[in-house]
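First comes the structure, then the notes that go with it.
This one's a predicted model, so the numbers in the text were calculated from it and none came from an experiment.
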Amino acid sequence: MTTPQEYFDALPEDRRPHMEALRAAIRENLPEGFSETISYGMVCYAVPHSLYPKGYHCNPQQPLPFISIASQKNFIALYHMGIYASPEMLEWFTSQYAARVKGKLDMGKSCVRFKKPENMPLDLIGELAQKMTPQEWISLYESSFVRK
């Protein structure tokens, strides 16, 4: 798949409404400047090369990823680099999740897994998407991941 729309068109019927709702929550709340693309087989909201010409340090041909979403075999995944790079943002997210969602948070370093897509806290995900501008993400990214 080369475009986000192709990705969504290829989703199974039972996953599509949940993925589209997740996409809408992100797109409606993400600060201006991020672009929607396909990266590493997922729908990605990234800082485009026009704003950050260096690109992603793991592959400079790719724009700088920020949020990615994917329909995996057993869950829907939300990857958020801000909660990986910022302990304060991680603390905010985990405490808000616990206060708003019944059940345990299923999370890795930057990956939040939703095994029951109908329980995704779309309002919380929207708030999370609002928390960082492209410029703030670039600054945090360079201080956290780029070798001087």
Between Y7 and T3, is any pair of side-chain heavy atoms under 4.5 Å apart? no

Has the side chain of W137 got a donor or acceptor atom that lies under 3.5 Å from a matching backbone atom of P65? yes

If every non-hydrogen atom of A129 is compared with every non-hydrogen atom of P31, which pair is closest and at what distance? O-CD, 3.2 Å

Which value, rounded to the nearest 0.5 Å, describes the distance between S110 atom OG and Y79 atom OH? 7.5 Å

Under the side chain to side chain contact (heavy atoms under 4.5 Å, CB included) rule, what do I69 and I76 come out as? Steps first, then yes or no, please. CA-CA 7 Å; I69 58 176; I76 289 177; 5.7 Å; no

When you compare the side chain of F114 with that of N119, does any pair of heavy atoms fall below 4.5 Å? no

Could you measure the distance from the CG atom of L140 to the CD atom of E88? Nearest 0.5 Å is fine. 9.0 Å

Do the rings of H57 and F145 sit parallel, tilted or perpendicular, given the 30° and 60° boundaries? parallel

Closest heavy-atom contact between A85 and P87? O-CD, 3.5 Å

Heavy-atom side-chain contact between M89 and M132 under 4.5 Å: yes

Show your working on side chain to side chain contact (heavy atoms under 4.5 Å, CB included) between F93 and L105 and close with a plain yes or no. CA-CA 10 Å; F93 179 75; L105 175 61; 4.1 Å; yes

same_hphob_cluster(V112, F75) at 4.5 Å side-chain heavy-atom cutoff: no

Would you say the side chains of T2 and E6 form a donor-acceptor pair under 3.5 Å? yes

Shortest non-hydrogen separation from G33 to P48 and the atoms involved: O-CD, 3.1 Å

Could you go through residues 35-42 and list every donor-acceptor pair under 3.5 Å that involves a side-chain atom there, pairing it with any protein atom two or more places apart or in another chain?
{"from": "E36", "atom 1": "OE1", "to": "R23", "atom 2": "NH2", "distance (Å)": "2.9"}
{"from": "E36", "atom 1": "OE1", "to": "R27", "atom 2": "NH1", "distance (Å)": "3.3"}
{"from": "E36", "atom 1": "OE2", "to": "R23", "atom 2": "NE", "distance (Å)": "2.9"}
{"from": "E36", "atom 1": "OE2", "to": "Y45", "atom 2": "OH", "distance (Å)": "2.6"}
{"from": "S39", "atom 1": "OG", "to": "Q62", "atom 2": "OE1", "distance (Å)": "2.9"}

So that I can tick it off, tell me whether R16 and D9 are bridged by a salt bridge, with the cut-off set at under 4.0 angstrom between side-chain N and carboxylate O. no

CD (E142) and CG (L64) are apart, to the nearest 0.5 Å, by 8.5 Å

W92 side chain reached by Q96 side chain, heavy atoms, under 4.5 Å: yes

Looking at E118, I'd like to know if its CD atom is crowded, meaning that more than 12 non-hydrogen atoms belonging to other residues, nucleotides or ligands lie closer than 6.0 Å. yes

Does S86 reach the main-chain N or O of I83 with its side chain, forming a donor-acceptor pair under 3.5 Å? no

Are any side-chain N or O atoms of E136 and backbone N or O atoms of T133, one a donor and one an acceptor, separated by less than 3.5 Å? yes

Compute the centroid of each ring, for F66 and then for H80, and state whether the two points are separated by less than 6.0 Å. yes

Would the number of heavy atoms belonging to other residues, nucleotides or ligands and lying under 6.0 Å from OH of Y84 be above 12? no

Kindly indicate, with the supporting measurements, whether the criterion side chain to side chain contact (heavy atoms under 4.5 Å, CB included) is fulfilled by K115 and N74. CA-CA 6 Å; K115 291 182 181 158; N74 297 313; 5.7 Å; no

Does any N or O in the side chain of T94 come within less than 3.5 Å of the main-chain N or O of E91, such that one atom is a donor and the other an acceptor? yes

Does the side chain of L22 come within less than 4.5 Å of M120's, by heavy atoms? yes

Quick one, R15 and S71 - any side-chain contact, counting heavy atoms below 4.5 Å? yes

Are E20 and L11 side-chain neighbours, meaning at least one heavy-atom pair lies under 4.5 Å? no

Take K116 and H18 through the side chain to side chain contact (heavy atoms under 4.5 Å, CB included) test and state the conclusion after the steps. CA-CA 10 Å; K116 294 183 178 179; H18 301 292; over 6 Å; no

Taking the side chain from S144 and the backbone from Y141, do they hold a donor-acceptor pair closer than 3.5 Å? no

Heavy atoms, side chains only, cut-off 4.5 Å: are M107 and L90 in contact? yes

Any chance you could measure L128, atom CG, to I26, atom CD1, to the nearest 0.5 Å? 8.5 Å

